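Shown next, in structure tokens, is the structure this report addresses.
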Amino acid sequence: MKIGILTGGGDCPGLNAVIRAVVRKAEKGGDGVLGIRNGWKGLVEGMVEPLTGVSVSGILPRGGTILGTSRTNPFKSMEDVVRCENNFRHYGLDGLVAVGGEDTLGVARQFHQRGLPVVGVPKTIDNDLAGTDQTFGFDTAVNVVVEAIDRLHTTAESHDRVLVVEVMGRHAGWIAAVSAIAGGADGCLVPEKPFDVEEVCAAVRARKGRGKKFSVIVVAEGARPREGAAVTRDGAKDEFDHERLGGIGAWVAGEVEKRTGCETRSVVLGHTQRGGTPTAFDRLIGTRFGLRAVDLVRQKRFGRMVSLGGMRVVDVPLPPLDQRMRTLDMELYKDAEVFFG
Ligand code: F6P
């Protein structure tokens, strides 16, 4: 068999673990692997490289993806769709493993509906994909944020300051809420619950009243005030119609300083959350997902996505567009709230 593999969308720690596992398992069974470069762009333009045990040697601890990635959406043009299908045949692929988030897997589903033998592997630091209890990349991102919160705590305390930390997650508050709990944050704002900035200020004042003159507040990039919209950077959209979020942390910091009189700073963690070496958990999940994806191809169970069900690796149908998003479990947010103020 000849198995293709591509990584699409934003990169995330653990992608190389998937690639390595696919190649190692395929080789063990006598199958070959063709790496497609830069996500769907590589299938449109025919950018490929054969992958062997040698090419994936040593990549397990490496962040990013050795295949490169892009946010290319071939379904923006029928010509590109046909190019992908022609290239698929031209390279003699028997199956394709598409590793990505909601956009990449959405394209995978569309190709599957047109008859291409495709399986999906869910990845995103945002952890916002339906059909799996967790995506790989999320654990590493949370660990980056928690380390940052720990560091910000000490400087906030030394200066009697409020530190507002803006984290990624797009329209889901998973990274924010889990990091807030694990980092012991004094407040956390998430997209799923529009906030009243006065309540944030009340929490800061309450802590001050107890002699705690500093606070650390985690703000998800997609959080928005009750009366407002999410803050976008420039209004520009990517090929999947996503706006670039960012700036809400600075806005919250400005309001908190103005209303409470406490010196306040904001920090945007940005792409540090996506970079660097994956945690052991993300290496484990990425590896197990990759192994199971090869099984799906060999069993010709196309249109499926590997997934985490509890601690077991299972598989589910590639989710349709209207069921692809998984927002924050508000039970978890309630747990975080116990520690606010
Ligand atoms: O989906 C992953 C993610 O990191 C989001 O959390 C964030 O909003 C977005 O990608 C950033 O995208 P880009 O890398 O294109 O700036």
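All values below were derived from every heavy atom in this structure, side-chain atoms included, with hydrogens, water molecules and symmetry-related copies excluded. Since we're looking at a predicted model, the values are computed, not measured. Atoms within a ligand are numbered from 1 in the order they appear, just like the ligands themselves.
- When only non-hydrogen protein atoms are considered, atom 2 (C) of ligand 1 lies nearest to Asp126 OD2, 3.3 Å.
- One finds no salt bridge joining Arg89 and Glu85 here, because no Lys/Arg side-chain nitrogen approaches an Asp/Glu carboxylate oxygen to under 4.0 Å.
- Between Asp31 and Arg298 there is a salt bridge, since a side-chain N of the basic residue sits under 4.0 Å from a carboxylate O of the acidic one.
- Interface of Glu221 with ligand 1, defined as ligand atoms under 4.0 Å from a residue heavy atom, comprises 5 (C), 6 (O), 7 (C), 8 (O).
- Classification of the His153-Phe214 ring pair by plane angle, with boundaries at 30° and 60°, yields perpendicular.
- The atoms of ligand 1 that sit less than 4.0 Å from any heavy atom of Arg170 are 1 (O), 6 (O), 8 (O), 9 (C).
- In this structure a side-chain-to-backbone donor-acceptor pair under 3.5 Å is present from Arg292 to Val313.
- At least one N/O-N/O distance between Gly169 and ligand 1 falls below 3.5 Å.
- The hydrophobic clustering, which links ILVMFWY residues whose side-chain heavy atoms are closer than 4.5 Å, places Ile248 and Met168 apart.
- Near Arg71, meaning under 4.0 Å from any of its heavy atoms, are these atoms of ligand 1: 9 (C), 10 (O), 11 (C), 12 (O), 13 (P), 14 (O), 15 (O).
- Protein heavy atom in closest approach to atom 11 (C) of ligand 1: Arg274 NH1, 3.6 Å.
- Of the candidates His271, Met168, Arg244, Glu102, His271 brings a heavy atom nearest to atom 16 (O) of ligand 1.
- Salt bridge Glu239/Lys41: absent, no basic N to carboxylate O contact under 4.0 Å.
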